[in-house]
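As structure tokens, the structure follows; a few thoughts come after it.
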Amino acid sequence: MESIHVPIMAEEVAKGNAPEILFWVGCAGSFDERYKSVTVAFTRILHHVGIKYAVLGPEESCTGDPARRAGNDFLFQMQAISNIQLLNTYQVKKIVTACPHCFNTIKNEYPALGGKYEVMHHSTLLQQLINEGRIKLKEGGEFKGTKITYHDSCYLGRANQVYEAPRAVLKALDAELVEMKRSKAKGLCCGAGGAQMFKEAESGAKEINIERTEEALSTGAKVIAAACPFCLTMMTDGVKNKEKEASVKVLDLVEMIEKSL
Amino acid sequence: MQAASQYVFALVLLLATYFIYKRAKQIIFNIRLGQSYVPEGSTAGRWKNMLLMAFGQKKMFQKPLIGLMHFIIYAGFIIINIEVLEIVLDGLLGSHRIFAAPLGQFYPLVINVFEGLALGVIVVCVVFLIRRNILKVKRFTSAEMTRWPRLDANIILFVEIALMTAFLTMNASDNLLQQRSEASAHYLAVGPFWISSMLSPLLDGLSTGALLVIERFGWWFHIVGILAFAVYVTYSKHLHIFLSFPNTYFKSEEPVGRIANMPDVTREVNIMLGFASDQGEAAPEGKKFGAKDVTDLSWKNLLDAYSCTECGRCTASCPANLTGKKLSPRKIMMDTRDRAEELGEYRMVGIKDPKIEANTLLDQYISREEILACTTCNACVEACPVNINPLDIIVQLRRFSVMEESSAPGQWNAMFANLENNMAPWKFAPSDRANWIEKVNPNT
């Protein structure tokens, strides 16, 4: 396999290159062991289709989403304003990210602070690349005929109305897509949003991810597809809790596409 | 006799108008306890939203059968108001069916439509009472639906049935009076009307005198009932019949996922980061970060609270509530309204009750546990048929507790510290951020 070079923005700019799109990796994409493979898969796809992209590398920092949602707007704005300074210095115009939280924050909340970019979620880019024929999936790939259910991320779905792109990507795999009862605008949260990812849940009768996992498992799907690092973690934990990890996989869209190239 | 009844009617009408005016003034005062708010987006876009959401009831039709039933009551309410106009004119002028002459042959048709709607309203109200009290649909019985909210809903449905029944009884006796020679001079032969004529046989054996009493009783009960109901509505959860219109109109056109920026914070952060210099302008006196009480919320938040009809679609879709946590978005709205009522009532008359002034929305009404359970998933916002946003209030309460009191849960404080020191919510060195790149080429 040819060696893939991952372009870092600072180096590209120093070389006089102007990457066409910035891949915003996000904290989960950078640090979470499981989610790093999603980042890797997406990087390989970007390389594969030959898009001129770059990542910020060590210069990237949290968008501030969990701070804002927990109520700490000082900290959010510290992060946001620093990030915007950096992005504007590099004259970034277009951003793609695999994290719906980063996507929502940069797209909807950075403009008020002077950060105006065209922001895409990876599902939208993947759909475009498939439609344009730049991603060609092999016939009879690993997921052909597999029963897959797609779990909507709140920040991709309800917050930004991206419902169809992830589904179109899954359909391109020739998979059998089954919907949960609560899907799209009525999708049930995985339980991690609003900075819940970073604290214990308040006391109640049940964990939200268990409720959602039960619903996903009841479809009989063999793969629970996610498009968000937090959803991926929550659903994976849910499947483990239900002791179904041997028969049901929780995967990000891009991992499935990369395996089917 | 006739003149006396006209005076009585005028007095009743005046009294009702006075009570409604007084109450409307109080409600507007209470809503204005909130901070300034300017909706984002174009006027045209907001009109369109109002037409779709309030007038067209777009979200109600997501459940088509319930949407249709609700639409029957709504259409009945709006269209039967034309009948109320006739009744009011008759009452003041001492006339009977004043619209019969100008409308000519269309008059019976119009009354028939009203009667059809009246019957529809009765049927739907019965179904709704069954859903609430016999089927006990979950969203009508959850925790915050204590004695008063449940009773309030039942009163409204019972009254609507009683008003429509009075209307049909009045017409049923009118049908017969039109045929009695001793009454036909006053009771013009404009009927019989379709629905009420089915009830007429029940009354046919009665004397003309008795029929006159029933007809007049029905007439008075119907109109006094409507006026009393109009006053009652202003104290009940039923205000959505008016407020859903301004509430959907004043909703900002903004991305659903956006949490509003805090410009005061932006100024300070820019100074701290050295992107702006301190011009020596202090933050406005007494202004808090976030909200502790209704006076810290925007007036739109308070309008939201007054527009809430406690249907509970928000709570039924809330992941926290569904899994047994204390948070209920409907309760957030009910509490906000209750607190605005409590504070507004005293402030309006200029009495500063220290006990009431010391109360706050946060803690006295809404607990920390509730606001901490929110996943900001926007399901409640999506579910509301009249564009109420409970999430906006939750975030403002969180902001107060975190920024003014520093009372975030320990794990959040740890996350904040990580963000400050490591630029990530987890404790990883920023220099390790690009380590994932090693995994791209596993063999090298």
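Below, chains carry the letters A, B, ... as their sequence lines are ordered, and counting in each starts from 1.
- Contacts of A:E211 with chain B are made by side-chain atoms alone, with heavy-atom separations under 4.5 Å and no backbone atom involved.
- Here the CZ-CZ distance, from B:R399 to A:R68, works out to 5.5 Å after rounding to the nearest 0.5 Å.
- For A:T43, the part lying under 4.5 angstrom from a heavy atom of chain B is the side chain only.
- The contact between A:I8 and chain B is made entirely by side chain atoms (from C-beta outward), counting heavy-atom distances below 4.5 Å.
- Interface remark: of the candidates B:F275, B:W412, B:F428, B:F416, B:W412 forms the most heavy-atom pairs closer than 4.5 Å to chain A.
- Of the two parts of A:Q77, the backbone and the side chain both hold a non-hydrogen atom closer than 4.5 Å to a non-hydrogen atom of chain B.
- Heavy-atom distances place both the backbone and the side chain of A:I208 under 4.5 Å from chain B.
- Between atom CG of residue B:L419 and atom SG of residue A:C27 there is a gap of 7.0 Å, rounded to the nearest 0.5 Å.
- Heavy atoms of A:F31 lying under 4.5 Å from chain B belong to its backbone as well as its side chain.
- Heavy-atom distances place no part of B:A408 under 4.5 Å from chain A, backbone and side chain included.
- For A:F230, the part lying under 4.5 angstrom from a heavy atom of chain B is the side chain only.
- Listed options B:P409, B:P425, B:A434, B:P430 were ranked by heavy-atom pairs under 4.5 angstrom with chain A; first place goes to B:P425.
- Residues B:E369 and A:S203 have side chains in contact (heavy-atom distance under 4.5 Å, counting atoms from C-beta outward).
- The backbone N or O of B:P255 sits nowhere less than 3.5 Å from a side-chain atom of A:K107 that would complete a donor-acceptor pair.
- Proximity of the aromatic rings of A:F198 and B:W426 is defined here by a centroid distance below 6.0 angstrom, and this criterion is met.
- Comparing B:V402, B:L273, B:N261, B:V269 by how many heavy-atom pairs each has under 4.5 Å with chain A, the most go to B:N261.
- One N or O on the side chain of B:T376 and one on the backbone of A:G194 form a donor-acceptor pair closer than 3.5 Å.
- Only the side chain of B:Q62 has a heavy atom closer than 4.5 Å to any heavy atom of chain A.
- Counting heavy-atom pairs closer than 4.5 Å to chain B, the top residue among A:K206, A:K36, A:R158, A:Q196 is A:R158.
- At a 4.5 Å heavy-atom cutoff, the contact between A:K186 and chain B is made by side-chain atoms alone.
- Between the side chain of B:E268 and the main chain of A:F74, no donor-acceptor pair closer than 3.5 Å is present.
- For B:R433 (side chain) and A:E59 (main-chain N/O), no donor-acceptor pair under 3.5 Å exists by modelled atom type.
- Here CZ of B:R398 is found 10.0 Å from CZ of A:R69. Values are rounded to the nearest 0.5 Å.
- Chain A forms the most heavy-atom pairs under 4.5 Å with one residue out of B:A260, B:A320, B:S431, and that residue is B:A260.
- Heavy-atom distances place both the backbone and the side chain of A:E200 under 4.5 Å from chain B.
- Using a 4.5 Å cut-off between heavy atoms, A:N72 contacts chain B through both its backbone and its side chain.
- Contact of A:A41 with chain B is not made at all, since no heavy-atom distance falls under 4.5 Å.
- Neither the backbone nor the side chain of A:R212 has a heavy atom closer than 4.5 Å to any heavy atom of chain B.
- Counting heavy atoms from C-beta outward, A:D73 and B:F289 have side chains that stay 4.5 Å or more apart.
- Ion pair A:E202/B:R368 not flagged as a salt bridge, since none of the NZ, NE, NH1 or NH2 atoms sits closer than 4.0 Å to an Asp/Glu carboxylate oxygen.
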